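Below: one structure, written as structure tokens.
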Amino acid sequence: MATLDHLKLANFTLETHPDGVLLATLNRPAKRNALDEESIENLIELFSAIPRSDVRAVVLAAAGDHFCAGLDLVEHHRKDRSPAEFMQICLRWHDAFNKMEYGGVPVIAALKGAVVGGGLELASSAHIRVADQTTYFALPEGQRGLFTGGGATIRVSGLVGKARMIDMILTGRIYKGQEAVDVGLAQYLVEGSSLDKALELARAAAANLPLTNFAICSAISHIQNMSALDASYTEAVVAGMVNTQPEARARLEAFANKTAARTRPQG
Ligand code: 1HE
């Protein structure tokens, strides 16, 4: 398996933990982690390398008080891009976010502060989102004279539904706290550090077999894009591979001989 040592990413810091968890921190806090062209290229490089590495789960975090302020509006203004140029930019965003969502390695986003515009598109490409008490979600594109271009029409509407997404972008509505969890923007809301919770969840996911995680963090998303008929066929093919993997035999044996933990609530 390849290491990630060769990666030179200007806008991310990488920290490998012994349990196979990679902590990738978006590191442009002075610009509120706005996504410029270089940040998107960094994401593509990183999430191209991860599936071929020993990484078993990723925590995507951010430096400073805000997770991500979305598209770098200053770069966009300065470059005065043509329609064709911005279409190509958006296609790179899709490359990056599709690699995250379909890459087969669990990605857990540790959120805080602003998760807005393209920042919400980034967060919605993770498999699990953890919010803290400072986290808020919005789509300010409507007010900025813009439209979403990094997959919000697919992923944000997938999380909250079409009507809520339209409301968010039309009116600038902001979701936070328990309401954000209730509408589906985050799966966890913590009192303390979202990073600590994300690391805990990543360690739990990293303890699964890699081929099982590959199916969870790739096949489910692919299957959402299919007809029910093709989806059920694909599920059967994937289960054929995953549920007969030799690495699973020890876990099945532990269940059969009653040494494996039972699935029931604690306490
Ligand atoms: C930025 C950006 C940015 C901050 N692009 N530079 N996104 C938005 O509409 C969100 C825009 N940002 C904000 O509303 C605020 O910055 C925050 C609420 C996130 C944070 O406020 P604050 O008071 O802590 O910071 P600030 O003073 O507004 O900004 C600090 C610096 O970050 C400043 O740079 P400086 O060089 O003047 O110090 C800001 O210019 C910079 N900054 N946000 C560029 N977004 C594929 S289509 C996707 C469409 C979108 O994502 S639309 C973008 C939506």
Side-chain angles (χ1 to χ4, degrees), residues 10-13 25-47 60-102 109-126 129 131-160 162 164-177 179-180 185-186 194-195:
N11 294 340
F12 283 84
T13 57
T25 305
L26 179 54
N27 193 21
R28 271 191 105 205
K31 301 295 177 188
R32 305 308 183 254
N33 297 314
L35 297 170
D36 61 354
E37 290 183 23
E38 189 163 40
S39 301
I40 295 295
E41 294 306 316
N42 284 180
L43 276 169
I44 292 172
E45 234 188 295
L46 178 61
F47 283 96
L60 182 65
D65 294 337
H66 298 281
F67 179 72
C68 178
L71 173 70
D72 188 319
L73 296 168
V74 177
E75 180 186 67
H76 186 58
H77 177 61
R78 186 170 36 81
K79 291 207 164 178
D80 196 17
R81 294 160 170 141
S82 70
E85 283 168 349
F86 195 63
M87 180 187 69
Q88 294 299 337
I89 294 287
C90 291
L91 289 172
R92 296 302 279 171
W93 282 51
H94 292 308
D95 279 350
F97 296 168
N98 288 339
K99 281 183 191 303
M100 284 173 62
E101 182 181 349
Y102 293 86
L111 305 177
K112 57 185 163 177
V115 184
V116 303
L120 178 50
E121 292 176 317
L122 172 65
S124 64
S125 308
R129 281 156 294 284
D132 72 3
Q133 299 295 322
T134 69
T135 305
Y136 63 94
F137 302 88
L139 293 172
E141 283 88 339
Q143 290 134 317
R144 306 260 182 241
L146 304 174
F147 188 63
T148 61
T153 55
I154 304 144
R155 294 192 183 88
V156 177
S157 69
L159 291 176
V160 302
K162 180 178 73 173
R164 281 200 190 92
M165 183 195 160
I166 290 174
D167 178 26
M168 287 175 79
I169 188 166
L170 264 186
T171 69
R173 182 171 184 166
I174 291 175
Y175 284 101
K176 59 187 174 56
E179 193 184 18
L185 287 163
S194 57
L195 178 58

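When a residue number appears, it is its place in the shown sequence, counting from 1. Indexing begins at 1, ligand by ligand and atom by atom, following the structure's order. Since the model is a prediction, treat every value here as computed from it, not as a measurement.
Listed by number with element, the atoms of ligand 1 under 4.0 angstrom from any heavy atom of Gly117 are 51 (O). The His66 neighbourhood of ligand 1 comprises atoms 20 (C), 24 (O), with distances under 4.0 Å to a heavy atom of that residue. Distances below 4.0 Å separate heavy atoms of Pro140 from the following atoms of ligand 1: 7 (N), 8 (C), 9 (O), 54 (C). For ligand 1, the atoms closer than 4.0 angstrom to any heavy atom of Leu146 are 52 (S). Shown in contact with Trp93 at under 4.0 Å from a heavy atom are these atoms of ligand 1, numbered in order with element: 46 (C). Those atoms of ligand 1 that come under 4.0 Å of a heavy atom in Gly70, given as number and element, are 51 (O). Here is the list of ligand 1 atoms found below 4.0 Å of a heavy atom in Gly149: 46 (C), 47 (S).
The neighbour count for Asp167 CG, taken as heavy atoms of other residues, nucleotides or ligands under 6.0 Å away, is above 12.
When the options Val74, Leu139, Asp36 are ranked by their closest heavy atom to atom 40 (O) of ligand 1, first place goes to Val74. With distances taken over non-hydrogen atoms, the option nearest atom 21 (O) of ligand 1 out of Lys31, His94, Arg32 is Arg32.
The residues Arg155 and Glu101 are annotated as salt-bridged, a charged nitrogen and a carboxylate oxygen being separated by less than 4.0 angstrom.
The side-chain heavy atoms of Glu41 and Glu45, taken from C-beta on, include no pair separated by under 4.5 Å. At a threshold of 4.5 Å between non-hydrogen side-chain atoms, the residues Phe137 and Ile174 do not count as touching. Counting only heavy atoms from C-beta outward, the side chains of Leu26 and Phe12 approach each other to under 4.5 Å. No side-chain heavy atom of Lys112 sits less than 4.5 Å from a side-chain heavy atom of Gln133. The shortest distance between side-chain heavy atoms of Phe47 and Met100 falls below 4.5 Å. Asn42 is listed as a side-chain neighbour of Asn11, based on a closest heavy-atom distance under 4.5 Å. In this structure, the side chains of Leu139 and Leu120 come closer than 4.5 Å at one or more pairs of heavy atoms. Proximity of Leu35 to Leu71: side-chain heavy atoms (C-beta onward) are nowhere separated by under 4.5 Å.
Residue Gly118 has at least one N or O atom closer than 3.5 Å to an N or O atom of ligand 1. Inclusion of Gly150 in the set of residues having an N or O under 3.5 Å from an N or O of ligand 1 is not warranted. Polar contact with ligand 1: absent for Ala34 (N/O pair, distance under 3.5 Å).
At least one heavy atom of Ala30 sits under 4.0 Å from some atom of ligand 1. In this structure, Glu121 has a heavy atom closer than 4.0 Å to ligand 1. At least one heavy atom of Tyr136 sits closer than 4.0 Å to an atom of ligand 1.
Of all protein heavy atoms, the one closest to atom 5 (N) of ligand 1 is Leu73 N, 2.8 Å. Looking only at heavy atoms of the protein, atom 9 (O) of ligand 1 is closest to Arg144 NE, 2.5 Å. Among protein heavy atoms, the minimum distance from atom 44 (C) of ligand 1 is reached at Asp72 OD1, 3.2 Å. Of all protein heavy atoms, the one lying nearest to atom 49 (C) of ligand 1 is Glu141 OE2, 3.3 Å.
Remark: the Thr134 side chain and the Asp132 side chain contain an N/O donor-acceptor pair separated by less than 3.5 Å.
Distance remark: protein heavy atom present below 4.0 angstrom from atom 14 (O) of ligand 1. For atom 11 (C) of ligand 1, the nearest protein heavy atom is under 4.0 Å away. The protein reaches atom 36 (O) of ligand 1 closely, with a heavy atom under 4.0 angstrom from it.
Looking at Glu75 against ligand 1, nothing comes within 4.0 Å, counting heavy atoms. Heavy atoms of Ala69 found under 4.0 angstrom from ligand 1 belong to the backbone as well as the side chain. Counting heavy atoms closer than 4.0 Å to ligand 1, residue Asp65 contributes nothing at all.
A distance of 14.5 Å separates CZ of Arg28 from NE2 of His66, quoted to the nearest 0.5 Å. The OG1 atom of Thr135 sits 12.5 Å away from atom CZ of Arg129, with the distance rounded to the nearest 0.5 Å. Note that OG of Ser39 and CD1 of Ile44 are 11.0 Å apart. Values are rounded to the nearest 0.5 Å.
Shown here for Phe67 and Ala62, the closest heavy-atom pair between the two residues is O-CB, 3.3 Å.
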